[in-house]
Amino acid sequence: MKHIVFLPGIAADERIFDFIEINNCTKQFIKWNKPEKNDTFGAYLDKIKKEIETKNPPVLIGVSLGGIFAMELRELIHVEKTILISSVKSKEEMPLSLELIRRLRINEILPVALIKKSAPVIKRIIVDTSNEEAWNRFKEMLKDTDSVFIKSAFRFALDWKRKEFNKENIVHIHGTNDKVFPIRNIKSCDYVIENGSHDMVMTRAQEISKIIIKEIFTINKIE
């Protein structure tokens with residue numbers, strides 16, 4: 001039986017995958033635990049690696065930051081397939097605005113408490129504003145996410161160095177209305193979701209579920 005490992009975004013948890021419908025498989029949802037004070041990206045990655053226990057190579061499904069971790073995990077363990085949703089395959093696919101944030105250390109200066117209070121502003125960047133259910137889910141996850149993790153996660157993402165990768169068994173699903181990782185920066189994309197926003201794993205879950213099922217179970221066409 002297929003074993004799927006789900007990795008959510010920075011201010012998210014397994015609830016972000018609630019609308020994804022996949023049967024006939026075992027599912028494991030990675031939880032973003034509070035990092036130790038001196039945890040590097042590699043140290044935190046190693047902790048996630050140790051959580052993945054399966055006899056067969058798993059399928060990794062990563063959203064946003066989860067996709068970045070998935071790209072690193074596939075270098076450390078044998079995986080069947082890596083599916084990225086609203087994410088990037090390398091640092092070169094990130095927008096220049098994130099590099100500016102890194103250089104100015106805005107992520108280090110900005111208090112996490114302020115980020116959590118800025119949900120209405122973040123909404124315009126991340127959430128499909130027409131979908132209130134997704135918006136409410138996002139607010140709940142943002143509120144519940146550990147503040148220390150959010151601080152560390154921004155650093156992990158902004159300091160990510162990967163430029164090269166093995167292109168085998170990677171599936172990239174991306175939306176044309178993603179404002180965090182604009183599609184114009186994506187070098188190659190297997191499935192383009194028209195008007196899909198950064199949170200489309202919730203707002204366009206039916207379409208994305210069909211793609212995942214097709215890719216995992218080798219269905220010849222999407223019904």
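Here, residue 1 is the first one in the sequence, and each next residue gets the next number. Note that these values count all heavy atoms, side chains included, but never hydrogens, waters or copies made by symmetry.
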Counting heavy atoms not belonging to Leu100, are there more than 12 under 6.0 Å from its CG? yes

Can you say whether the rings of Phe156 and Phe41 are parallel (under 30°), tilted (30 to 60°) or perpendicular (over 60°)? perpendicular

May I ask you to check whether over 12 heavy atoms, not counting those of Glu75, lie within 6.0 Å of atom CD? yes

Could you state the interatomic distance from OG1 (Thr176) to CD (Glu194), rounded to the nearest 0.5 Å? 4.5 Å

Does Lys210 pair with Glu207 as a salt bridge, N-O distance under 4.0 Å? no

Distance-only, no hydrogens or angles: does the Asn136 side chain make a donor-acceptor pair with backbone N or O of Glu132 under 3.5 Å? yes

Does Glu80 have any side chain to side chain donor-acceptor pair (under 3.5 Å) partners at least two apart in sequence or in another chain, and if so, which? Lys2

Ignoring hydrogens and geometry, is there a side-chain-to-backbone donor-acceptor pair from Glu93 to Lys187 under 3.5 Å? yes

Once you measure the plane-to-plane angle for His172 and His174, does it fall in the parallel (<30°), tilted (30-60°) or perpendicular (>60°) bin? perpendicular

Say whether, by atom type as modelled, one donor and one acceptor occur between the side chain of Trp32 and the main chain of Ile150 under 3.5 angstrom. no

Could you tell me the separation between the CD1 atom of Ile170 and the CE atom of Met71, rounded to the nearest 0.5 Å? 4.0 Å

Could you walk me through whether Asp199 and Arg137 pass salt bridge (charged side-chain N to carboxylate O under 4.0 Å, His left out), step by step? CA-CA 10 Å; Asp199 71 332; Arg137 184 69 54 89; over 6 Å; no

With side chains defined as the heavy atoms from C-beta onward, is the minimum distance between Asp39 and Lys47 less than 4.5 Å? yes

Check whether the side chains of Ser86 and His198 place a donor and an acceptor atom closer than 3.5 Å, and report yes or no. no

In this structure, are over 12 heavy atoms from other groups packed under 6.0 Å from Lys161 atom NZ? yes

Is a salt bridge present between Lys31 and Glu51, judged by a nitrogen-to-oxygen distance below 4.0 Å? no

Got a second to check how far Ser87's OG is from Ile61's CD1, nearest 0.5 Å? 12.5 Å

Residues passing the side chain to side chain donor-acceptor pair (under 3.5 Å) test with Asn169, sequence neighbours excluded, are none

Show your reasoning for whether salt bridge (charged side-chain N to carboxylate O under 4.0 Å, His left out) applies to Lys143 and Glu140. CA-CA 5 Å; Lys143 179 183 176 182; Glu140 292 171 0; over 6 Å; no

